[in-house]
Amino acid sequence: MAQSRELEERHLAAPGSASLSVRWVQGFPKQSVHFVNDSTICYPSGNFVIFINIETRKKTALQCMNGIVGVVATNVPYEVVAFSDRKLKPLIYIYSFPELTRRTKLKGNVLLDYTLLSFSYCGTYLASYSSLPEFELAVWNWESSVILCKKSQLTVDVSQMTFNPMSWHQLCLSSPSSVTVWTIERSNEEYYLKAKSIKLPMEDGSFFNEKDLIFPSSMPKDLIYGPVLPLSAIAGLVDKEAETFRPKDDLYPLLHPTMHCWTPTSDLYVGCEEGHLLVINGESWKVTVLDKIEDRIPMDGRNYITPVTLAYQKGGVLASGIDGFVYSFIIKDPYYKVEDFLQVEEPVEHLMFSPSYKMLLIQTNKVGKDILQISTVSLLDSDIVEVMVLSIPPETRRSKLEIFTLPKMLPQVSVSIADERGRLKDELIHKFLYEIEHPLSSAVLDFRSKQVYGFCKEVPYICSYLLPAKDHSGICVLKPYQKVQCKHYGPGMLTLSPHGSWLISRAKCGTLCIRDIYTLFNSFLVTLLSYFKIQVLNMMEENETVDNIAKLEQQEFALDLEELERLHDESEEEIEKIRKDVEMHNLAKGYLAELIKEECWNSMAVKGRALKCFHVPCVVENFPMKERTDEELKKLKRVLQQKKIETECLKLRKETVEFQSAITLVKKHHEEEDEEEEDDVAVKDTNLPNYLLGSQSTDFGVHASFLSSQLELHSREEKINQIILLKDIIYKVKTAFNNEFDAAYKQKEFEIARVKERNIRIQEIILDLELKESIWQPELDDYEKPERNLVVENSEIIAQKHVNLWQKVKAGLVAAHEMEEGVLSQGSNTRRRALMDMMGGVLEVKKEDILRMVIPPPAFIVKPDAVWSEEEKKQFKDYEKKVKDLNEERDKYRKNQTSTAIQKAREDLDVYKEHYDNLLAEDKVLDRSFKKEFSEIPSHQVDMLYKLFRRRPRIPKPKVHSDTASIVPFGERPGSGKLNKDAFAQLMKTMDDMDNINNMPEGLDPSVWEHFCMTRRVKVENEQKVKQKAAGLVEMVTFLRRRVEEDEKVQEEIEKVFQELILLQEEKVKFQLNLTIQILLKQGQVELENFQLLLEYSDAILINKNIIEDLNSVIRTQGQKKVTSMMESKDIHKGIFQTEWEHKKMEMEMEDLNQKAWDIQMLFFSRERQKYLSEPNYETLINVQIGIMEQTIAVLDKTHKKNVENCKKLLKKLGKFSNQKDVANYTLSCNLREELVAVSERKDICNALGSKLTCEKIAKERYENIIQQQKLTNISKEQAEQILILQAEVERLRMKTFPALVPM
């Protein structure tokens, strides 16, 4: 199918093939409208995707070549649109806008249809979701047309799917019953999907406190009736069913999500059908129900709390409901306030902001008319077209007709006849409205535009209606002009012939009629059809005589292929319906047969069969028997135990009475009892038959010693016990008889086998003697082998099997193939037989195949374990051991799989890290080897080039308008693949500008500059690769860390389960050993009911009451002594064991102390340990030292920060000073360049003037030097005179202040 579709597309795209161009498409969206860019929207309509420019109103259509357009999605950054087709095995097409050229085609494994598509804003990722039968979520890389990862969710119908606008790693899927956030994890080139199901609150907004029913934290204890089991264990559930089982009382209705939207902080807002607004935290996935602030009373009975769609804006969301209003929810956690935003006439279905958030798209759901048919008539004498539209409004049962005119050259005047919403203007098309009192299923306008022909929907009539000649306003009611009864059944369609003379009618029943439009004569054109039939038959006969090349196929002679195909489809539908009815009937019969078989055959432990004599008409049947239930066996065991207890009690009573009697009386009594026993034996040894003694059970080895006499059954319980014992005797008698029956049955089988063996020899003798005698062959009848009735043989089927032609051909081919294989297989096939016998037909047995095996339970497991033999018990123990070993192997295999996945992730991480390290080392080598690369040029040029080598261009960020930045809530979204590519392209463009020859330093060779630019470009590209590798390395490390955490969590759960299992086993052993027996006794005197009174007391002895009481007191005293001695003995034994245990404990403590003493002797005693022992407040001292160290660290930290700040300030000043110096240097370099030019010019002038001017200049300079020297000499003389005067004055002043020493 995919190949044929590809061929069809190639044929349509072939340049030489004829094609039709689309000039005008009109349709209204049934799905959501999407923005392609700020000024263009798009929506699907039939086989087209329509693009509308909002500013220019220009409309563009993109046609889907493979049928109807399915779902549509757009990607604003890349300006692409994706849509799916609605075909078997649909495809997804990616087209560029505005070129409308196909970029790629995505082909998945979806069988029926895609229901949702969603682009990620960050990266080239596309998510798709399909419904039945896969329910598959897939993530694509649409540029490379590959599926990165996919996951199936059985029976989950998703209503909305969106990527997180800030990260492509998160994807939210919501349905009316659940919200699921999928995390897309990447490890190098592998992608994984992980789901997180959000726990929703209940309908009232509260949260249900869910308890762990498998391992509850506190389980109540019951020491009488055993442990309290979880409800799942009581229900008999295992595996996943036990974990997900919830009792009926614990099931509460949850909220129903309707729409969700993301926030810039990766949180989710979810609107619910019940009116609640939820916020889901993007990190912890905790759900919070926001409370609404009621600050005013709702007007006009409007309901704010049913959000159908949500659109995020700064500070809250915009929401709309079914009341035709758009509201603004201003959210301030954990509350939100509702304000009116906009009033719309119709219910709002979809809200969407443009990418710049300057426009809001509001899509409404306005119910239109149900258009049944459109009929057009082109008038010959004018340039207009008459159009008639038939519709039936849903609120009425009347048909409506709208007739209006259109110009033939519609594309030339389409702007003048349509308003801004694309609707035709009423004043230009001359629209007239008509109404018919009864519903029509079809209507056509005649070529003269004077009357209308209608096919009645509910009655079998075709009517004509005359149109009024004069214009009218409002609605005109048309009455039937003529009625013609037809033989159609059900609604039908009318069509006019091309010449307008015939009216063709066809109905759902399959009848086609052609009538004369002028006479409306109700007759079938039998003659015309007969003529056509004869012509076609003649052509078919002629076709048989031509050559094979010119011969036509039989289906090519069909006049109406569509009708033939429709009739064929209807017949197939009828056959399919009959087939389904027969299958359902057979299924019901089969179900009834299974019930009868289960009740009368499978449930029987002993199947009913008969045994017939060979030559005597005598038949003996066995007893069909069901297996006794556990409850019946428990009741029987209880009754037998009770009878044994009663027998023992009776014996004890006799012994007690005999103990108190005299020895002589005891002897006499024993003698009389012996005589009575001998008399009883004598009576029993009589020759009376067993049926005269009351039962024949003893003939089958069944004893009835526990049965009571029928005259002794007085209480209801005794009668019930007697019935249970009788049923047991009957069961044992039947079992004994069935055993004898089975022995006789086996004997008959043995005799039949022996007779058949002898018949073979007899047949040989008869053949040798050439006698014509028949041999009697004994066979088992059907009532001796009743299982034959459960199998239907082919010989019992009387009806002939229907075989299609292709089945016959297939059977012939299969038979020929089998014959050929039989011939080939006659040779040696030892290898194949050995493979089948020894290895099950495969060369390699995989571990997974072994672990998938199921060990079959033994056949006797259906029987109760009480009747198992010793051999069967051994087999069951072996079976339990094998099952346990297999489960352990499965657990080990799962653990190995998990550890293998983690090991693989670690290996991939190591390989990736090695590549990253190599790339980083190459980058460092490029940096270090720079000076070596340019060692041939001067050092100052190398330093200058190295500075240029280290300099990186600053990529200017795109300027965002202030008004747009204040409106758009998401801002710059990180991680966009397009942004990364654009940034890299802009970086390379800036590098091209830096590589310009104008930026080359002066005095540098151009070849060196080219080599330098190439080296710098390699360095920049390598740095970009290092950044990409570093980002991938971070993702892989995060992925591995999550897998390790998940594995540790699983291991903890396994350990928890094992601990719970051990505790459960301990509890089980405890309850098995510590049995608690509850005995209910009545206080006081006990009254016996239905006690048999003894009227004769010939052997009774009267004993004084005091003797009995004294005897009882003695017995009690002795018993108490016995119990006391036993308790003392038990305490003594316990004390002995305790003393021995304490002795062993003390010995072990002694050894431990000796070892500690030796360790202390050998211990290295440092100064810190001495200080610890000598200092009484060692901990206080340590705390003081820690405090001092913390203060010191704080001071050092503060000083360090201060020094860092000073250094930063100094660096800033130095930077400013450096910039100033750079400016000054630049100015000086410019001045120097000008001075050099001036000097050069003067030099040239001097060279041009000659040597005369040079000599005069030299003489003048010498003269000036002499004058200057003379001036300097005069100045030095004057200064020398002044110095002498100053020295004399200084000497005079010194002598004046010198002290005089006068002798005393």
Side-chain angles (χ1 to χ4, degrees), residues 20-65 67-86 92-103 116-119 121 162 309 311 318 320 326 342 344-369 371 406 410-426 428-429 964 967-968:
L20 298 176
S21 61
V22 180
R23 298 185 62 184
W24 183 77
V25 176
Q26 182 68 38
F28 298 95
K30 195 174 181 181
Q31 302 179 15
S32 300
V33 182
H34 302 271
F35 275 97
V36 183
N37 51 36
D38 267 341
S39 59
T40 308
I41 61 173
C42 71
Y43 59 86
S45 179
N47 293 11
F48 297 88
V49 179
I50 300 175
F51 300 85
I52 299 176
N53 191 303
I54 304 174
E55 299 175 353
T56 63
R57 308 289 181 179
K58 183 181 177 181
K59 185 183 294 185
T60 310
L62 173 63
Q63 185 177 5
C64 177
M65 297 300 179
I68 300 175
V69 176
V71 289
V72 177
T74 59
N75 191 333
V76 176
Y78 288 88
E79 289 192 342
V80 296
V81 59
F83 64 88
S84 64
D85 55 5
R86 288 192 170 173
I92 300 175
Y93 301 92
I94 310 292
Y95 278 80
S96 299
F97 183 85
E99 299 87 1
L100 296 184
T101 57
R102 194 176 79 182
R103 296 190 60 174
L116 293 172
L117 293 178
S118 179
F119 277 103
Y121 191 93
T162 57
T309 179
L318 291 182
S320 65
V326 178
L342 184 64
V344 190
E345 297 177 358
E346 297 89 13
V348 178
E349 279 195 344
H350 184 62
L351 291 175
M352 187 177 187
F353 280 103
S354 63
S356 62
Y357 268 70
K358 292 183 179 180
M359 287 184 290
L360 175 65
L361 188 146
I362 302 176
Q363 184 178 351
T364 61
N365 180 17
K366 186 176 182 180
V367 180
K369 299 179 180 179
I371 298 176
L406 290 175
L410 182 62
Q412 297 179 4
V413 295
S414 60
V415 178
S416 61
I417 66 173
D419 57 8
E420 65 276 359
R421 299 186 68 178
R423 297 181 298 188
L424 301 176
K425 297 180 180 179
D426 295 340
L428 298 177
I429 62 177
T964 305
I967 296 174
V968 178

Quick check on side chain to side chain contact (heavy atoms under 4.5 Å, CB included): which of V348, L342, L360 does L318 satisfy it with?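 Looking at V348, L342, L360, the match for L318 under the side chain to side chain contact (heavy atoms under 4.5 Å, CB included) is L360.
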Does any part of the side chain of V36, heavy atoms only, come nearer than 4.5 Å to the side chain of V76, both counted from C-beta?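 Counting from C-beta outward, V76 and V36 never come under 4.5 Å.
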Side-chain contact test, heavy atoms from C-beta onward, threshold under 4.5 Å: evaluate it for L116 versus V71 and give yes or no.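 Sidechains of V71 and L116: no contact.
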Rounded to the nearest 0.5 Å, what separates atom [atom1] in [X] from atom [atom2] in [Y]?
X	Y	atom1	atom2	value
F51	T74	CZ	OG1	9.0 Å
E99	E79	CD	CD	8.0 Å
S320	Q363	OG	CD	10.5 Å
N47	I68	CG	CD1	6.0 Å
H34	L361	NE2	CG	10.0 Å
Q63	F48	CD	CZ	4.0 Å

Taking the six-membered ring for Trp, are Y95 and F83 parallel (under 30°), tilted (30 to 60°) or perpendicular (over 60°)?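 The arrangement is parallel - the two ring planes meet at less than 30°.
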Y357 vs F353 aromatic rings, parallel, tilted or perpendicular, using cut-offs 30° and 60°?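 Rings of Y357 and F353: parallel, under 30°.
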Report the C-alpha separation of F97 and L62 in whole Å, then their side-chain angles, then the decisive distance to 0.1 Å, and conclude whether the side-chain contact (heavy atoms from CB on, under 4.5 Å) test is met. CA-CA 10 Å; F97 183 85; L62 173 63; over 6 Å; no
Considering non-hydrogen atoms only, spot the tightest contact between [X] and [Y] and give its length.
X	Y	answer
V80	R103	CG1-NH1, 3.5 Å
C42	V72	SG-CG1, 4.3 Å
S118	A73	N-CB, 4.2 Å
V49	V69	CG2-CG1, 3.9 Å

Any donor-acceptor pair under 3.5 Å from N75 side chain to F119 backbone: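 Checking the backbone N and O of F119 against the side chain of N75, no donor-acceptor pair under 3.5 Å is found.
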Any sub-3.5 Å donor-acceptor pair from S354's side-chain atoms to M359's backbone N or O?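 Flag set: sc S354 to bb M359 pair under 3.5 Å.
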Using the test side-chain contact (heavy atoms from CB on, under 4.5 Å), find all partners of I52 that sit at least two apart in sequence or belong to another chain.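 Residues passing side-chain contact (heavy atoms from CB on, under 4.5 Å) with I52: I41, Y43, I50, K59.
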Check whether more than 12 heavy atoms from other residues, nucleotides or ligands sit under 6.0 Å from atom CG of L100, and answer yes or no.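 Atom CG in L100 is packed in, count exceeds 12.
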